[in-house]
Amino acid sequence: MAEIVLRQSPLDHLSLDARAVAEPGPAGVVAGERRFVAKVNLRGDPADEAFVKVAKGALKVFLPTTPNTVDGKRDRYALWLGPDEWLVIGAPGTEGRLVADLRKALDGIVAAVTDVTEGRTVIRLSGVHARETLAKGCGLDLHPRAFGRGRCAQTRLGKANVILHQLDDAPTFDVYVERSFADYLWRWIEDGASEYGFAIVAEPIMAALKARRATR
Amino acid sequence: MTAQSHRNPTGGRIDRARTLGFTFNGRYYEGHPGDTLASALLANGVHLVGRSFKYHRPRGIVGSGAEEPNALVQLGQGALTEPNVRATQAELHDGLAAASVNCWPGVRWDIGAINGLLGGLFPAGFYYKTFMWPARAWRAYEWFIRRAAGLGLAPREPDPERYDGTHAHCDVLVAGGGPAGLAAALAAGRAGGRVILADEQAEIGGSLLAGGGTIDGRPARAWLDDATAELAGMAEVRVLPRATVFGYYDHNYLGIAERLADHLPPAERAGRARQRVWKVRAGRVVLATGAIERPLVFDGNDRPGVMLATAAQAYANRWAVRVGDRAVVVTNNDSAYQTALDLSESGVAVALLADLRAEVPAALAQRLSRAGIEVAAGSAVVDAAGGTRVTSAEIRRLGADGTTLEGPARHVPCDVIAVSGGWSPAVHLFSQSGGRLRWDEAIAGFVPDISRQAEVSVGAARGTFDLAAALAEGARAGAAAAHAAGFGDGTATAPAANAREVIAPRPVWRVPSAGRGKAFVDIQNDVTAADIALAAREGYSAVEHLKRYTTTGMGTDQGKTSNVNALAILAHATGTAIPAVGTTTFRPPYTPVTFGALAGRTVGPLFDPARLTAMHPWHVQAGTRFEDVGQWKRPWYYPRGSETLHQAVARECRAVRTSLGIMDASTLGKIDIQGPDAAKLLDLVYTNAWGGLEVGRCRYGLMLKEDGMVFDDGVTARLGPQHFHMTTTTGGAARVMAWLEEWLQTERPHWRVYLTSVTTQWAVAAIAGPNARRLMAELCPNIALDAIDFPFMAWRDGTVAGIAARVFRVSFSGESAFEINVPSSQGMALWQALMTAGAKYDITPYGTEAMHVLRAEKGFVIVGQETDGTVTPGDLGMDWIVGKKKPDFVGRRGLARADCKRPDRKQLVGLLPQDPKEVLVEGAQIMADAAAPPPVPMEGHVTSSYWSATLSRSFALALLKGGRARHGQTVPVHAYGKTSWAQVTEPIFYDKEGEKLRG
Amino acid sequence: MKYSLLGLIKGAGNHHKDWPAAWRQPEPKPAYDVVIIGGGGHGLATAYFLAKEHGVTNVAVVEKGWIGGGNTGRNTTIVRSNYLWDESAHLYEKSLKLWEGLSQELNFNTMFSQRGVMNLAHNLHDLRELNRRVSAIRLNGIDSEFLTTEQVKAFCPIINTAPTIRYPVLGASLQRRGGTARHDAVAWGFARAADRLGVDILQNCEVTGIRREGIRVTGVETTRGFIGARKIGSVAAGHSSVIAAMAGLRLPIESHPLQALVSEPVKPVLDTVVMSGAVHVYVSQSDKGELVIGAGIDAYNSYAQRGTLQVIEEQMAALIELFPMFSRMRLMRQWAGIVDVCPDASPIMARTPVEGFYINCGWGTGGFKATPGSGWVFAHTIAQDRPHELNAAFTLERFSSGALIDEHGAAAVAH
Amino acid sequence: MHLIACPWCGPRDEAEFSYGGEAHILRPEQPDALDDAAFANYLFMRGNPKGVHAERWVHTVGCRRWFNALRSTVTHEITAIYPMGTPRPDRAP
Ligand SMILES: Cc1cc2nc3c(=O)[nH]c(=O)nc-3n(C[C@H](O)[C@H](O)[C@H](O)COP(=O)(O)OP(=O)(O)OC[C@H]3O[C@@H](n4cnc5c(N)ncnc54)[C@H](O)[C@@H]3O)c2cc1C
Ligand SMILES: NC(=O)c1ccc[n+]([C@@H]2O[C@H](COP(=O)([O-])OP(=O)(O)OC[C@H]3O[C@@H](n4cnc5c(N)ncnc54)[C@H](O)[C@@H]3O)[C@@H](O)[C@H]2O)c1
Ligand SMILES: Cc1cc2nc3c(=O)[nH]c(=O)nc-3n(C[C@H](O)[C@H](O)[C@H](O)COP(=O)(O)O)c2cc1C
Ligand SMILES: [Zn+2]
């Protein structure tokens with residue numbers, strides 16, 4: 001009987017960690033999975049002052065009203081998904097609190113709070129050729145003049161629906177994908193990036209790399 | 001060891017330092033980097049490359065690029081073979097192997113040439129007039145016709161190479177990298193715009209690569225080198241050589257086919273994509289695609305050695321190849337004078353230049369005579385003699401109106417005839433974009449007139465043949481396009497260039513015939529001037545009829561060199577003006593595009609996503625056979641050892657009925673519904689009433705389309721006063737979500753309801769069977785499980801095996817069952833825990849097949865199996881779920897239509913085959929009369945049919961005309977020649993009272 | 001002049017100078033007994049059968065462009081009669097029977113090639129549907145067979161039947177009497193034969209209005225003037241709604257682009273017609289050698305006969321999935337036609353509330369195969385002012401009563 | 001591939017949208033009150049004009065919002081994007 005692993009991500013069966021490198025070297029694209037990031041779908045009317053105020057209070061983050069933008073801090077931010085819809089992101093394990101806080105705060109206000117942490121996973125993609133890799137399957141204009149840091153979009157990548165979020169100018173992207181499509185999308189990315197040199201990195205290294213780049 | 005007999009020692013843009021070996025029809029030759037297959041063949045003195053489509057006449061190389069109608073070869077071998085490649089576009093690489101197409105046994109001796117001798121029998125469209133008797137023989141005739149037709153050979157093995165595709169955006173897309181395109185790209189790039197410049201050739205430069213001329217006082221080629229270097233240095237400019245802009249679609253969306261590896265020997269291609277398709281959204285497009293020279297239509301104009309003047313010139317200047325030893329040049333315009341000079345300079349003896357115009361340009365004529373080339377004014381080549389190579393040209397004087405010949409014939413020996421019949425601007429992309437063309441008398445060609453998209457044509461593509469003017473146009477267009485995107489002030493300076501003489505052609509569309517030879521218009525499809533005349537006579541006088549009747553312009557070259565000649569000859573034949581005849585429609589692609597490149601990476605494992613559940617790896621390990629349901633992979637059955645489907649399913653069903661089964665139900669669609677008006681939404685989209693559902697309970701619902709036909713079904717739970725959790729069919733999840741959203745946003749925008757898809761948030765394991773509750777009791781300490789506290793059609797939150805879970809007491813199997821929903825990441829853990837703890841009950845995983853049997857025994861329908869978009873709830877015997885008192889719901893009015901109320905509609909029934917061992921074919925038809933001859937009246941069909949391990953017999957569900965009133969009858973059921981008899985029953989076979997599932 | 005091999009031999013002697021026009025190019029008469037709007041295959045066949053079967057020869061076919069230039073000239077030429085519902089099966093089978101003698105009937109070789117039409121099944125749902133169809137079709141007296149995966153491979157060896165592909169081939173149905181025909185020849189053959197019987201074919205003659213007196217039609221306004229008619233049959237395919245609007249009617253029709261493409265011509269490599277719903281491609285090889293490949297409709301309403309890139313990309317991916325060896329073949333031309341789609345994917349051939357105005361439309365993506373049959377029943381409908389029993393169910397009223405003839409093929413839904 | 005300007009997300013490829021057919025076909029307040037013909041008119045009959053078409057789109061892959069558009073069925077040019085429930089901008093109210 002195999003040992004029971006309590007939580008499994010939809011990419012675990014690909015054993016990415018076993019293939020991860022500590023130093024990506026000259027790879028044009030590095031990628032890894034960000035497992036179990038907290039994700040809460042929040043719906044409400046941005047014209048409703050009470051909703052905005054209360055949500056801000058509970059989240060400590062502004063809900064962006066400019067379409068396709070992200071607002072917030074390092075481990076708590078909100079992605080604009082629609083005129084009355086946001087995806088609130090938090091550190092792994094915080095979704096329960098987030099949902100509870102929000103529900104409590106929004107009691108009596110017309111809004112909806114739904115935990116969707118488990119429905120998607122996040123593939124982080126970085127490197128000088130990250131943009132070209134995405135362009136192979138995404139019709140969005142990702143040029144810095146058109147997209148850029150702090151932007152997000154719901155769109156298609158290959159044959160999967162995704163949410164793209166650009167985090168920095170490396171550029172680094174978080175790709176949110178429905179977990180049932182994660183296996184497909186990972187293979188798609190790996191295949192598309194192979195011509196640029198592709199390296200898999202484990203989650204902590206991903207964060208470190210990002211920090212290093214930011215200081216350059 | 002071969003000599004490149006016709007290669008000059010110096011000049012050209014080839015790399016003589018390296019020698020490339022290649023074979024053509026099995027013979028070894030050599031060439032150099034920079035060569036195309038065509039230039040290398042010509043360098044070796046090879047003109048004969050193939051046989052024509054219909055008459056199998058010997059054919060040679062006509063052009064030097066995309067326009068080539070004739071020199072098609074089979075390239076490469078085995079899995080890497082490629083049919084119908086233009087020798088003029090195939091870049092030479094070491095080891096290249098090419099062969100002629102459409103000839104047998106060989107290109108010199110071709111048996112099909114007999115068609116040429118019988119040519120008189122095969123005028124345009126001859127096949128419409130014969131091969132009709134006897135009627136049955138057509139397929140035999142066809143067998144021969146098909147083998148005679150076609151060109152090259154399709155590959156017979158899967159393509160081992162990879163392809164790629166990508167999206168791109170730019171402010172300015174420049175199609176064509178000649179002087180006009182380069183000037184445009186430079187101007188737009190200097191202004192700071194994002195530019196893509198694509199040219200189909202291996203080298204950027206267009207006509208500058210082959211021509212002379214000066215720009216800014218320096219040789220044009222020096223300017224070209226500077227320009228490409230400058231572009232290469234611009235961060236926002238992307239230059240794509242070997243990249244054909246093949247299609248111009250709506251909203252400035254264009255396709256570019258880039259050849260990444262075709263120019264490399266196969267060994268060096270490994271690991272690279274062979275070709276890539278770019279899908280470009282462009283702010284503005286500059287079309288700088290140049291112009292295509294037209295041949296002249298005279299007898300024997302298809303003989304190897306007859307070629308376009310610019311091609312002959314390009315071979316001389318760009319590839320340092322002498323296309324022959326002795327040439328005759330024939331032209332109706334100025335441009336070929338330079339060709340004559342260039343040929344002469346390259347070492348080809350130019351015997352004579354025949355100019356169709358009575359008045360020749362004096363300055364040019366002088367230059368020729370200084371070079372010792374005779375100019376025959378008002379004269380034309382009227383026949384080309386020869387077999388596999390032209391041997392002489394017959395020159396005659398033309399009458400004043402161009403339709404008669406005068407004076408004596410002169411036979412000039414030659415092995416090359418370089419022809420120029422004027423120029424057709426390459427308006428293909430412009431026309432594809434929706435732009436309207438105009439006939440320009442001055443250049444005798446169609447030019448862009450009215451644009452429909454954000455594009456502009458420049459240079460030769462719009463009939464501007466003067467180099468200085470082309471550069472200026474390009475620069476202006478590039479600057480303006482960049483300006484429109486917010487870059488620069490819209491102005492640009494163009495380099496100065498030496499002016500060229502104007503073209504001034506004398507159109508003589510059909511050079512009068514001196515004898516009985518064939519004069520070809522579409523040389524690839526063997527369409528002659530006589531064919532066009534015949535078509536016109538027979539009434540195929542619309543240009544599109546002409547095309548289809550004669551196949552003019554329908555070849556792989558799409559008539560680049562022939563279409564204008566053809567429509568002009570048609571105009572002449574019908575006494576119509578050329579503009580009134582018009583062109584045929586230009587369609588993508590500009591030149592053929594590899595299927596694989598269009599598919600890109602969407603092949604093999606990436607063809608379509610396989611959606612996987614959280615428990616998928618477990619199923620794989622268990623040796624599960626999967627079923628494709630939409631994109632989902634669902635366990636179909638779990639064979640043990642050598643079990644068949646039938647055996648496995650029987651075992652799985654037995655396990656559920658007698659002890660305990662477990663199923664992965666994660667794929668069901670799940671929608672979270674919140675808001676004060678949530679219940680109203682359910683009332684609208686479901687047939688039954690939802691207001692009264694208590695929190696903690698769930699209910700089955702049926703969704704209809706407005707026409708009253710069943711659309712989806714599922715169980716919805718009330719999580720809170722304003723909060724529901726809806727489930728849908730696996731295949732229907734996205735559709736239902738979209739359906740609800742549509743009703744909310746478009747019909748009920750004032751309702752306050754929010755929908756969120758949570759399909760993949762939850763992993764679901766369904767356990768079912770008499771031992772289900774016992775297992776639950778072990779693993780689930782915090783939910784009261786008895787039938788009173790946790791009744792059928794209720795849900796509870798708690799933990800199962802230590803995992804936070806939401807448990808539904810619903811049952812699709814008819815047994816006591818629990819659907820355990822846990823966060824997806826813990827689905828696997830839950831499954832494993834259930835398997836471990838359930839071992840004592842011999843817990844048995846079951847797949848969709850067993851699930852189908854179990855539900856059918858209960859008479860539960862599957863939307864999409866019992867229904868097909870024509871079935872109402874009443875047809876399914878589910879009137880009970882249609883809220884009679886509800887004033888409205890989607891589908892209510894549809895159900896009230898006359899046809900939905902007919903008593904003899906097809907209704908769901910059960911069937912018990914007379915032979916209890918016989919499992920009826922799903923899809924078998926129920927006959928009204930087993931003895932009737934065809935057409936046999938039919939009354940319905942079997943929708944589901946199984947062996948039931950529980951009942952120890954077969955059974956089925958069916959839709960049967962007036963079926964509800966026919967219980968007890970025996971009906972004939974037919975499939976594949978076999979009629980079986982079955983008794984009509986109520987569609988429920990197991991636990992009619994539902995004690996088990998409630999208990 | 002009758003077409004024959006002898007004629008061709010004679011013609012060879014004199015440069016084929018004697019072949020007469022296949023059809024006349026007459027000036028419009030002031031009035032006709034019947035005006036048919038639309039010179040596609042269906043319109044021309046209607047005119048032919050009006051003259052031949054019903055003796056109504058004072059007929060004009062008015063065509064806004066050139067005959068056969070609509071969908072008749074741009075379809076993938078698949079002919080079959082393996083339809084599910086009785087009404088459709090009988091109609092298409094009548095048509096198929098007419099196809100079987102059409103070249104001789106018209107004295108024009110339509111190259112009707114009964115090379116078989118194979119529909120692949122890729123999942124269990126497909127298989128069930130396929131059994132249902134084959135059973136129904138056979139009971140209707142129409143040929144149809146089930147093929148196992150191995151039989152599919154034997155019948156068409158170049159199909160990828162590997163069980164490892166994303167959507168493996170699980171079986172197929174085959175109608176051997178189905179096949180392809182030379183689309184243009186169908187229009188021309190009917191035109192020539194109708195012309196011989198006295199029908200006027202008026203090209204470049206666009207109908208711009210329909211004149212009525214009360215609820216009766218009196219004629220059509222055209223770009224070549226008014227043409228009187230007691231009866232008007234609209235057979236305008238993609239433009240049916242436009243014509244109907246001229247008569248003051250709204251139709252349950254939407255016009256969509258449907259795309260197709262051809263490869264470069266190659267020697268024979270595919271000897272049958274292969275269709276796949278789940279992988280979404282259908283392909284055959286023309287006698288000239290091109291692979292003729294069909295796509296799905298673009299979602300939006302359109303009258304622009306324009307293709308798009310994304311549809312072609314999907315098409316190619318699907319084709320290569322089933323025929324990996326075609327990957328190195330090349331796209332030679334892509335185009336689109338405008339098809340008139342009915343909610344139940346079945347046509348309308350019927351009288352209308354406007355007296356003397358008949359419509360024949362809604363053939364959507366699949367009416368080429370119906371060309372002779374449609375003309376045959378529509379001629380009857382117009383001549384007799386009542387439908388033939390074969391088209392009695394294909395009314396406009398069915399959209400009110402709900403008695404639709406749903407030929408979508410059950411939608412791909414399953415639990 | 002049309003380029004459609006989602007009122008929220010801006011111009012996006014047509015592939016991100018779903019087409020919703022003719023706009024301004026209001027569901028009858030009381031469907032029961034219609035006779036079969038009137039109901040069929042609502043359910044099935046369409047203008048299907050050759051020219052400017054008022055039609056519905058939804059940004060399926062993006063923000064999931066429905067909106068109306070005026071688009072030529074001849075040139076495919078989109079001349080207006082406007083909210084659901086508002087009248088056609090090219091017709092006088
Ligand atoms: C890409 C494609 C593939 C297809 N594949 C198949 C297939 O494989 N098998 C199959 O069975 N079917 C197929 N079809 C469908 C089939 O082509 C059509 O159903 C059929 O050809 C319709 O014939 P028709 O004569 O009714 O229409 P058309 O041939 O379109 O004729 C209608 C005519 O009406 C004319 N017209 C319109 N308005 C006016 C006016 N105002 N005045 C005068 N004339 C007017 C048009 O110019 C046109 O010539 C396909 C269609 C397309 C587009
Ligand atoms: N008779 C004449 O005098 C005559 C005729 C034609 C051209 N010219 C010369 O051509 C010059 C005009 O230059 P230009 O820049 O307009 O034309 P050009 O012929 O120099 O360049 C056109 C370029 O576009 C490329 N091209 C064409 N279609 C393409 C496509 N679909 N995708 C990608 N690339 C494509 C061609 O391969 C070529 O490289 C004139 O100045 C003149 O020197 C002269
Ligand atoms: C069955 C069939 C075969 C075709 N074969 C060819 C062909 O060999 N060459 C070609 O150029 N076009 C071919 N076409 C496409 C036509 O050229 C043309 O694109 C189509 O009839 C639509 O007309 P349009 O492009 O003029 O609008 C074919 C079309 C059909 C329907
Ligand atoms: Zn949007």
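What you are looking at is a predicted structure, and each value in this text was computed from that prediction instead of being measured. Each chain gets a letter, A, B and so on, in the order its sequence line appears, and its residues count up from 1.
- Inter-residue side-chain proximity for B:Arg587 and B:Gln432 is flagged as unmet; no heavy-atom pair is nearer than 4.5 Å.
- Heavy-atom distances place both the backbone and the side chain of B:Asp608 under 4.5 Å from chain C.
- By number of non-hydrogen pairs under 4.5 angstrom with chain B, the leading residue of C:Gly189, C:Ala12, C:Ser401 is C:Ser401.
- C:Arg182 touches chain B through its side chain: at least one heavy atom from C-beta onward sits under 4.5 Å away, while N, CA, C and O do not.
- Of the N and O atoms on the side chains of B:Tyr976 and C:Glu145, not one donor lies less than 3.5 Å from an acceptor on the other residue.
- Side chains of C:His408 and C:Asp406: a donor on one and an acceptor on the other come within 3.5 Å.
- In this structure, chain B has heavy atoms under 4.5 Å from both the backbone and the side chain of C:His15.
- For C:Glu100 and B:Arg136, the salt-bridge test fails: no basic side-chain N is under 4.0 Å from an acidic carboxylate O.
- The side chain to side chain donor-acceptor pair (under 3.5 Å) search around B:Gln925 returns none, not counting sequence neighbours.
- Nearest heavy atoms, C:His280 versus C:Ala318: O-CB, 3.6 Å.
- When each of C:Arg138, C:Arg306, C:Gln285 is scored by its heavy-atom pairs under 4.5 Å with chain B, the top score falls to C:Arg306.
- Geometric assessment of C:Arg333 against the ring of C:Trp335 yields a negative cation-pi assignment under the 6.0 Å and 45° thresholds.
- Contacts between B:Met709 and chain C at a heavy-atom distance below 4.5 Å are absent for every atom of the residue.
- No donor-acceptor pair under 3.5 Å is formed between the side chain of B:Arg897 and the backbone N or O of C:Ala403.
- Neither the backbone nor the side chain of B:Ala530 comes within contact range of chain C, judged by heavy atoms closer than 4.5 Å.
- Note: C:Asn107 leads C:Asn107, C:Val262, C:Asn204 in heavy-atom pairs under 4.5 Å with chain B.
- The backbone N or O of B:Gly152 lies less than 3.5 Å from a partner atom in the side chain of B:Asn84, making a donor-acceptor pair.
- A ring-centre distance under 6.0 Å is found for B:Tyr540 and C:Trp23.
- Looking at heavy atoms from C-beta onward, C:Asp344 lies out of side-chain contact with C:Glu407 at the 4.5 angstrom threshold.
- Heavy atoms closer than 4.5 Å to chain B are found in both the backbone and the side chain of C:Glu313.
- Of the atoms belonging to B:Arg601, not a single heavy atom falls under 4.5 Å from chain C.
- For a residue to count as touching a neighbouring chain, one of its non-hydrogen atoms must lie under 4.5 Å from one of that chain's; by this rule B:Leu72 does not touch chain C.
- For B:Gln631, the parts lying near chain C are the backbone and the side chain together; criterion is any non-hydrogen pair under 4.5 Å.
- Heavy atoms of C:Pro343 lying under 4.5 Å from chain B are absent altogether.
- Contacts between C:Leu6 and chain B at a heavy-atom distance below 4.5 Å are absent for every atom of the residue.
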Q: Check the pair C:Val269, C:Ile158 against side chain to side chain contact (heavy atoms under 4.5 Å, CB included), reporting the backbone distance first and the verdict last.
A: CA-CA 8 Å; C:Val269 61; C:Ile158 63 174; 4.2 Å; yes
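- Within the 4.5 angstrom heavy-atom criterion, only backbone atoms of C:Ala336 (N, CA, C, O) approach chain B.
- With chain B as partner, the option from C:Ser103, C:Ala185, C:Pro268 having the largest number of non-hydrogen pairs under 4.5 angstrom is C:Pro268.
- Residue C:Ile320 touches chain B through its side chain alone, counting heavy-atom pairs closer than 4.5 Å.
- Between the side chains of B:Ser944 and B:Gln865, at least one donor-acceptor pair of N or O atoms lies under 3.5 Å.
- For a residue to count as touching a neighbouring chain, one of its non-hydrogen atoms must lie under 4.5 Å from one of that chain's; by this rule B:Trp636 touches chain C with the side chain only.
- Using a 4.5 Å cut-off between heavy atoms, B:Leu534 touches chain C through its side chain atoms alone.
- In this structure, chain B has no heavy atom under 4.5 Å from any part of C:Leu127.
- C:Gln334 touches chain B through backbone and side chain together, each having a heavy atom under 4.5 Å away.
- Using a 4.5 Å cut-off between heavy atoms, B:Ala932 makes no contact with chain C at all.
- B:His941 touches chain C through its side chain: at least one heavy atom from C-beta onward sits under 4.5 Å away, while N, CA, C and O do not.
- Contacts of B:Arg537 with chain C are made by both backbone and side-chain atoms, with heavy-atom separations under 4.5 Å.
- Looking at C:Arg330, its side chain never comes within 3.5 Å of a backbone N or O of C:Glu264 through a donor-acceptor pair.
- Considering only heavy-atom pairs separated by less than 4.5 Å from chain B, the leading option among C:Gly289, C:Pro168, C:Pro20, C:Gly11 is C:Pro20.
- Heavy atoms closer than 4.5 Å to chain B are found in the side chain of C:Asp184, but not in its backbone.
- Residue B:Glu922 touches chain C through both its backbone and its side chain, counting heavy-atom pairs closer than 4.5 Å.
- Only the backbone of C:Phe112 comes within less than 4.5 Å of a heavy atom in chain B; its side chain stays farther off.
- Listed by chain and residue number, B:Arg902, B:Arg905 satisfy the salt bridge (charged side-chain N to carboxylate O under 4.0 Å, His left out) test with B:Asp899 (two or more places apart in sequence, or in another chain).
- Within the 3.5 Å criterion, the main-chain N or O of B:Trp133 finds a donor-acceptor partner in the side chain of B:Tyr141.
- Contact detail for C:Met329 and B:Pro83: the closest heavy-atom pair is SD-CG, 4.1 Å.
- Chain B forms the most heavy-atom pairs under 4.5 Å with one residue out of C:Leu124, C:Ile9, C:Ile142, C:Leu331, and that residue is C:Leu331.
- Interface remark: B:Ser541 contributes side-chain atoms only to the contact with chain C (heavy atom separation under 4.5 Å).
- Heavy-atom distances place no part of C:Thr110 under 4.5 Å from chain B, backbone and side chain included.
- Residue C:Leu102: no heavy atom, backbone or side chain, is found under 4.5 Å from chain B.
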